[in-house]
Amino acid sequence: MDRRKMFPAPRHILIAAVAGVIAGAVAVYVTTTLRGNNDTELTAGTEATVAADASSQDKVCTAKADAAKKIGAAATGQVAAMMPADPPQSLKDLAFNGPDGKPMTIGDQKGRVLLVNLWATWCAPCRAEMPALDALEREMGGENFEVVAINVDTGDDTKPKKFLQEIGIASLGYYRDNTLTVFNELKTRGLALGLPVTLLVDGEGCLLANMNGPAEWASPDAKKLIEAALAL
């Protein structure tokens, strides 16, 4: 008996089933494409724009290698641990909450030299240097310079605010990130090993120097460093 005549129906069924699956998949694809194709294109376009913008920012910052070296040369004595950025990189998109509790970025402080410091109440060296950071802001803070001390305690604001009140911090703005996103971003970039972390950023959001560990920020050495950054 011809075996090809014994199983015609199953073969046809199988072929029909496969065709049905393909047709169904095509239908789903078409439906999804018609419904979401524009969204996909917009997302891809947005990602490309963001990537291009980031690349442009980094090019601007990378060109500031000489400025970073000057800052490195000015970091002596009490702030000798501040190392020049190699290469300088953009921190313009580094995000956290401002004193008003609303999201902001380093880029929102365009035109101002920033001494960005990450601290937490459970970090003893952080607690020890807060009065000095407050004194530096009180003496040199203004239109062209600010100490941006970002608290990274998790949880609510109760503990950090109580600590600042107890030690009489009056000049520093209350910057906050209770998600540790800022720290993790800096860690990914190789800039943060622990707390405190301090970054010197110019008016275009470019990192010029950074350090891990505390320093005497109210010292003449620290003021000399900030003056060098302001003179660039």
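If you're wondering where the values come from, they're calculated on a predicted model, not measured in any experiment.
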Report summary line: Of all heavy-atom pairs linking P160 and T121, the shortest is CA-CG2, 3.7 Å
Query - Contact summary for A228 and A74, nearest pair of heavy atoms - result: CB-CB, 3.6 Å
**Report entry** Student check: side-chain heavy atoms of F145 and L136 closer than 4.5 Å
**Finding:** yes
Requested in this report: Grab the two heavy atoms, one from R112 and one from E146, that are nearest each other, plus how far apart they are.
Outcome: NH1-OE1, 3.0 Å
Query - Side chain E137, main chain V147, donor-acceptor under 3.5 Å - result: yes
Query raised in the report: Any link between V148 and I169 through a network of hydrophobic side chains (Ile, Leu, Val, Met, Phe, Trp, Tyr) touching at under 4.5 Å?
Result: no
Report task. State whether R138 and D134 are salt-bridged, where the test is any N-O pair (Lys NZ or Arg NE/NH1/NH2 against Asp/Glu carboxylate O) under 4.0 Å. Result -> yes
Report task. Without swapping roles, check the side chain of D58 against the backbone of Q89 for a donor-acceptor pair under 3.5 Å. Result -> no
Query - E185 bridged to R189 by N-O distance under 4.0 Å - result: yes
Query - Over 12 foreign heavy atoms within 6.0 Å of NZ, K223 - result: yes
Query raised in the report: If you measure from CG on L114 to CD1 on I226, what distance do you get to the nearest 0.5 Å?
Result: 10.0 Å
Query - Over all atoms of both residues, closest heavy-atom pair of V152 and A120 - result: CG2-CB, 4.1 Å
Query raised in the report: Any luck finding a side-chain donor-acceptor pair between T198 and N117 under 3.5 Å?
Result: yes
**Report entry** Contacts of type ring pair (Phe, Tyr, Trp, His ring centres under 6.0 Å), residue W119, not counting sequence neighbours
**Finding:** F163
**Report entry** Given K59, K64, K110, the one that forms salt bridge (Lys or Arg N to Asp or Glu O under 4.0 Å) with E204
**Finding:** K64
Query raised in the report: Under 4.5 Å between any side-chain heavy atoms of P84 and I71, yes or no?
Result: no
Query raised in the report: Going from CG on D157 to NZ on K162, what distance comes out if it is rounded to the nearest 0.5 angstrom?
Result: 14.5 Å
Report task. Determine whether the side chains of S90 and Q57 contain a donor N or O and an acceptor N or O closer than 3.5 Å. Result -> yes
Report summary line: For L195 and L118, the nearest pair of non-hydrogen atoms, with its separation, is CD2-O, 3.6 Å
**Report entry** Side-chain touch N210/V197, heavy atoms, less than 4.5 angstrom
**Finding:** no
Query raised in the report: Are any non-hydrogen side-chain atoms of D153 and R176 less than 4.5 angstrom apart?
Result: yes
Query raised in the report: Looking at side-chain heavy atoms only, is the closest gap between L115 and L133 below 4.5 Å?
Result: yes
Query raised in the report: How close do M104 and G98 get, heavy atom to heavy atom, and via which atoms?
Result: SD-CA, 3.5 Å
Report summary line: Paired with T181, the side chain to side chain donor-acceptor pair (under 3.5 Å) test is passed by just one of N178, T179, N184, namely T179
Query raised in the report: Are the side chains of L164 and M130 in touch, meaning some heavy atoms are under 4.5 Å apart?
Result: yes
Query raised in the report: Is there a donor-acceptor contact under 3.5 Å linking the side chains of D156 and T158?
Result: yes
Query raised in the report: Side-chain contact, heavy-atom cut-off 4.5 Å: L207 with P88?
Result: no
Requested in this report: Please confirm whether the backbone N or O of T105 pairs with a side-chain atom of D108, one donor and one acceptor, at under 3.5 Å?
Outcome: yes
Query raised in the report: Does F96 reach the side chain of N151, with side-chain heavy atoms less than 4.5 Å apart?
Result: no
Query raised in the report: Are the side chain of D93 and the backbone of G107 linked by a donor-acceptor contact shorter than 3.5 Å?
Result: no
Requested in this report: Pick out which of L208, L230, L232, L91 makes a side chain to side chain contact (heavy atoms under 4.5 Å, CB included) with D202.
Outcome: L208
